[in-house]
Amino acid sequence: MPMSDDEIRKILTDYDAELAEATAELRKRRAERLQAVLDSGRSQADIIRVTGKSREAVRQFLDPAAADAAAAAKRNARAASRAS
């Protein structure tokens with residue numbers, strides 16, 4: 001028996017939910033590991049120099065909530081530019 005439209009849609013919605021959960025966990029782990037770098041006596045400037053990432057990127061790496069807010073702002077800006 002063929003899968004229903006709802007079953008097919010559920011495959012994608014399940015994937016999106018699983019991806020969001022995994023991404024959140026990875027961001028949290030990255031923040032904890034980078035915080036350990038700071039706790040070891042290194043500076044945020046050291047992280048920036050070693051990784052080549054911007055100050056803003058490192059700030060977001062250390063604060064997953066800031067990364068989520070920046071991503072939401074970027075999504076909203078893209079949506080607004082498409083709407084106009």
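Atoms considered below: every heavy atom in the structure, side chains included; atoms not considered: hydrogens, waters and symmetry mates. Model, not experiment: these values are computed from the prediction.
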Atom pair CG/CZ of Leu62 and Arg30 - distance to nearest 0.5 Å: 9.0 Å

Between Glu18 (side chain only) and Tyr15 (backbone N and O only), is there a donor and an acceptor less than 3.5 Å apart? no

Reported CG-to-CD distance for the pair Leu26 and Glu21, which is rounded to 0.5 angstrom: 11.0 Å

In Å and rounded to the nearest 0.5 Å, what is the OG1 to CG distance from Thr23 to Asp16? 10.5 Å

Can you see which heavy atom on Arg55 is nearest to which on Ile48, and at what distance? CA-CD1, 3.6 Å

Between CZ of Arg9 and CG of Asp14, what distance do you get to the nearest 0.5 Å? 13.5 Å

Report the C-alpha distance between Ile47 and Leu34 in whole Å, list the side-chain angles of each, state the deciding distance to 0.1 Å, and finish with yes or no for side-chain contact (heavy atoms from CB on, under 4.5 Å). CA-CA 8 Å; Ile47 296 171; Leu34 288 173; 4.1 Å; yes

One should read off an interatomic distance between Ser43 OG and Arg49 CZ, to the nearest 0.5 angstrom, of 8.0 Å

Decide side-chain contact (heavy atoms from CB on, under 4.5 Å) for Gln60 and Asp68; before the verdict, give the C-alpha distance in whole Å, the side-chain angles of both, and the deciding distance to 0.1 Å. CA-CA 8 Å; Gln60 290 178 21; Asp68 292 341; over 6 Å; no

To the nearest 0.5 Å, tell me how far Glu56 CD sits from Arg59 CZ. 4.0 Å

Do Gln44 and Val37 make a side-chain contact, defined as non-hydrogen atoms from C-beta onward lying under 4.5 Å apart? no

If every non-hydrogen atom of Lys53 is compared with every non-hydrogen atom of Ala57, which pair is closest and at what distance? CB-CB, 4.1 Å

